[in-house]
Amino acid sequence: MAKTIAMLTGGGDCPGLNAVIRGVVRSATSRGWRVLGIEDGFDGLLTHGRVRQLDRKAVRGILQLGGTILGTSNRGDPLHYPVEKDGRIELVDVSAKVVENFNALGADAMIAVGGDGTLKIAQRLFELGVNIVGVPKTIDNDLKATDVTFGYNTAVGVVTEALDRLHTTAESHHRAMVVEVMGRDAGWIALESGIAGGADVILIPEIPYAIDKVCAAIMARKQRGSRFSIVVVAEGAFACDGGKITKGVNRTGVERLGGIGQQVAQQLSECLDMDVRTVVLGHLQRGGSPSPFDRILGSRFGVKAVDLIAAGEFGRMVSLRGRTVESTTIAEAVGALNLVDPDGEMVVAAEKLGIMLGR
Ligand code: F6P
């Protein structure tokens with residue numbers, strides 16, 4: 001039977017979102033279904049007129065584009081929606097309104113593409129009776145219910161290229177170059193790009209670092225004739241005698257990480273007899289064209305999400321297990337973080353390669 005499905009992208013953007021949108025539209029329309037695109041995440045369901053039909057023409061030429069043609073927002077969380085009351089901003093649960101507005105679209109099902117926050121909202125809407133399917137995204141690769149998220153591979157590529165470029169200038173000037181990368185509480189981006197980019201030191205949240213050990217490692221390198229060092233620091237990393245560095249919270253109360261690169265650089269310049277510079281790669285890691293891996297994974301996730309709707313399997317999220325796209329319940333997926341195992345094979349391999357992990 002012909003169906004109408006609505007889809008949205010929520011939370012921070014990430015390379016590969018457009019591949020998911022295209023995958024959903026191509027596979028749904030080939031079944032004779034109609035696809036509605038909701039603009040700017042759940043925000044688009046709270047304000048009228050922000051829904052448009054997506055046909056094959058609307059998704060032409062978007063596979064290689066970063067970002068999301070639907071727009072996104074990490075401010076319109078309906079579970080904690082900012083509402084002004086008596087001159088003050090209060091966070092209230094407006095999920096019932098989202099359900100009402102979704103029902104008014106006349107759609108049979110919804111696909112929500114997003115990270116942990118978006119999936120938590122999806123689970124709530126499912127409990128309120130919405131036929132919903134989730135698609136996980138994040139450059140951080142920190143969701144447990146899938147082996148990998150799309151966007152991550154592109155981010156690792158961006159950081160690796162940056163490290164390659166920083167190597168030549170660090171070596172020419174005999175400097176220590178501290179590179180702060182994203183990842184929230186997971187050190188995946190730092191660890192994998194650090195290995196790929198030949199970093200000398202990698203600091204991740206899962207292994208609190210001792211600055212004296214980092215200094216000793218850089219000095220030992222200098223004594224061996226390597227008068228420069230590349231230090232990759234995950235934004236969530238912290239010293240064993242310190243805490244996470246934050247830049248306050250965003251409008252929905254989520255902590256904004258950042259600033260640890262500057263702190264590590266300061267600490268290093270106090271103990272090293274060499275110039276130290278800091279580079280914060282920031283949102284460059286989320287921008288630009290998705291890698292072939294992320295285009296393929298995003299496309300497969302989009303197709304699988306439509307298959308789940310066709311099979312009436314709601315409250316589920318697509319996931320990659322090994323080399324196969326499968327699904328799991330959204331309830332199981334949310335809140336379970338995929339963190340780097342400090343004693344796992346990847347960390348041990350990095351240490352055997354001579355990379356200093358701060359311990
Ligand atoms: O979750 C993706 C991510 O890029 C994190 O790595 C980073 O901490 C955060 O989003 C930045 O969020 P914003 O775009 O709101 O600054």
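Just so it is clear, the model here is predicted, and its values are computed rather than measured. Atoms within a ligand are numbered from 1 in the order they appear, just like the ligands themselves.
Within the structure, ligand 1 lacks Gly12 among the residues with a heavy atom less than 4.0 angstrom away. Contact annotation: His283 has at least one heavy atom less than 4.0 Å from an atom of ligand 1.
By the 6.0 Å and 45° rule, Arg295 does not stack over the aromatic ring of Phe150.
Proximity of a side-chain donor or acceptor of Thr278 to a complementary backbone N or O of Val178 within less than 3.5 Å is not detected.
With hydrogens left out, the protein atom closest to atom 2 (C) of ligand 1 is Asp140 OD2, 3.3 Å, a heavy atom. Atom 15 (O) of ligand 1 has as its closest protein heavy atom Asn74 ND2, 3.3 Å. Glu235 OE2, 2.6 Å is the protein heavy atom nearest to atom 8 (O) of ligand 1.
Counting heavy-atom neighbours within 6.0 Å of Asp273 CG, excluding the residue itself, gives a total of 12 or less. Within 6.0 Å of atom NZ in Lys3, more than 12 heavy atoms from other residues, nucleotides or ligands are found, so the atom counts as buried in its surroundings.
Remark: ligand 1 and Ile139 share no N or O pair separated by less than 3.5 Å (distance only, no angle test).
A salt bridge links Arg50 with Asp40: the distance from a Lys NZ or Arg NE/NH1/NH2 to an Asp or Glu carboxylate oxygen falls below 4.0 Å.
The atoms of ligand 1 that sit less than 4.0 Å from any heavy atom of Arg184 are 5 (C), 6 (O), 8 (O).
Looking at Arg286 against ligand 1, only its side chain comes within 4.0 Å, counting heavy atoms.
Side-chain contact between Ile38 and Leu70: absent, with no pair of heavy atoms (C-beta onward) separated by less than 4.5 Å.
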